[in-house]
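If you read the sequence from its start, that first residue is 1, and numbering goes on from there. Because the structure is a prediction, the values reported are computed rather than measured.
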Amino acid sequence: MRYEKWVERPTFVLLAMENLREIIEKHITQDIELLSVKIDSNSSFIKIVIDSAHDISVDKTAMLAKEIKNNEDILSNFPHGVRLEVGTPGIGSRLEKNFQYKKNIGRKIELEYRSKDNTNKETFLLIGNNKTGINVKDDKVEHYIDYSDIISARVKISFD
């Protein structure tokens, strides 16, 4: 059996974890969506992943990182400093939001989904989406798959 030493976390880290998402969202414009926030309290490292229906420039992510890092609440919750990374989903990241499917129409996606009592994993051409699901095509057959049936979807990268 493995035992881990219990270490009391500093109060500022607990405050930061509870309020961090709220603090970050104050700096994000309406056209950008916050996908995830991860914090490593041992090294005072925060990783923020954002995305948008439109491209987000490196300058925009750098400006956002600077605003967040200089936020008074962040500074007070991390008195010894904080390392901050703001970025967009990388190649091969899961598609999570409706707008992410929309901006990848015309690309191949690797899709794991439920149909009746089966779980399937196939590659399709993404040809459309709406509020409830996506339209995909394999060879010449079109399929409609509800978002609720999608387990995982990733853009398939190929160098043809």
Compute whether any side-chain donor of one residue and acceptor of the other, for [X] and [Y], lie under 3.5 angstrom apart.
| X | Y | value |
| --- | --- | --- |
| N98 | Y147 | yes |
| T132 | Y144 | yes |
| T29 | D31 | yes |

Single-linkage hydrophobic cluster, 4.5 Å side-chain cutoff, L95 and V49 together:
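Shared cluster, no.
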Hey, any chance I46 and L34 share a hydrophobic cluster, counting ILVMFWY side chains that come within less than 4.5 Å of each other, even indirectly?
yes
Looking at V86, I68, I50, which one forms a side-chain contact (heavy atoms from CB on, under 4.5 Å) with I28?
I50
Nearest-0.5 Å distance that lies between atom [atom1] in [X] and atom [atom2] in [Y]:
| X | Y | atom1 | atom2 | result |
| --- | --- | --- | --- | --- |
| K69 | H27 | NZ | NE2 | 14.0 Å |
| E67 | I23 | CD | CD1 | 14.0 Å |
| I74 | I24 | CD1 | CD1 | 6.0 Å |
| K47 | I39 | NZ | CD1 | 14.5 Å |
| N130 | N135 | CG | CG | 6.5 Å |
| M63 | S57 | CE | OG | 8.0 Å |

Would you say that [X] contacts [Y] through its side chain, given a criterion of any heavy-atom pair below 4.5 Å between the two side chains?
| X | Y | result |
| --- | --- | --- |
| Y101 | I150 | yes |
| K97 | E33 | yes |
| R154 | I109 | no |
| F124 | K108 | no |
| V155 | I91 | no |
| L35 | Q100 | yes |
| E85 | F45 | yes |
| L126 | I134 | yes |

Would you name the heavy atoms of [X] and [Y] that are closest together and state the gap between them?
| X | Y | result |
| --- | --- | --- |
| N120 | S115 | ND2-OG, 2.6 Å |
| S43 | R83 | OG-NH2, 3.7 Å |
| D149 | I145 | CB-CG2, 4.2 Å |
| S44 | G81 | CB-O, 3.6 Å |
| R94 | S152 | NE-OG, 3.5 Å |
| L111 | A153 | CD1-CB, 3.6 Å |

Can N70 and K66 be said to form a side-chain contact (heavy atoms from CB on, under 4.5 Å), step by step?
CA-CA 6 Å; N70 291 326; K66 186 175 181 179; 3.5 Å; yes
Go through the steps to decide whether K103 and D51 satisfy the test salt bridge (charged side-chain N to carboxylate O under 4.0 Å, His left out), and finish with yes or no.
CA-CA 11 Å; K103 75 180 198 178; D51 203 358; 2.8 Å; yes
Run the side-chain contact (heavy atoms from CB on, under 4.5 Å) check on E110 and K121 step by step: do they pass?
CA-CA 7 Å; E110 187 175 270; K121 190 171 187 176; 3.5 Å; yes
Could you give me the CA-CA distance, side-chain angles and deciding distance for I151 and R114, then say whether side-chain contact (heavy atoms from CB on, under 4.5 Å) is met?
CA-CA 7 Å; I151 298 167; R114 289 181 283 284; 3.0 Å; yes
Given 3.5 Å as the limit, does a donor-acceptor pair link the side chain of N71 with the main chain of D73, or not?
yes
Does I56 form a side-chain contact (heavy atoms from CB on, under 4.5 Å) with I32? I'd like the steps, not just the answer.
CA-CA 8 Å; I56 301 174; I32 294 177; 4.2 Å; yes
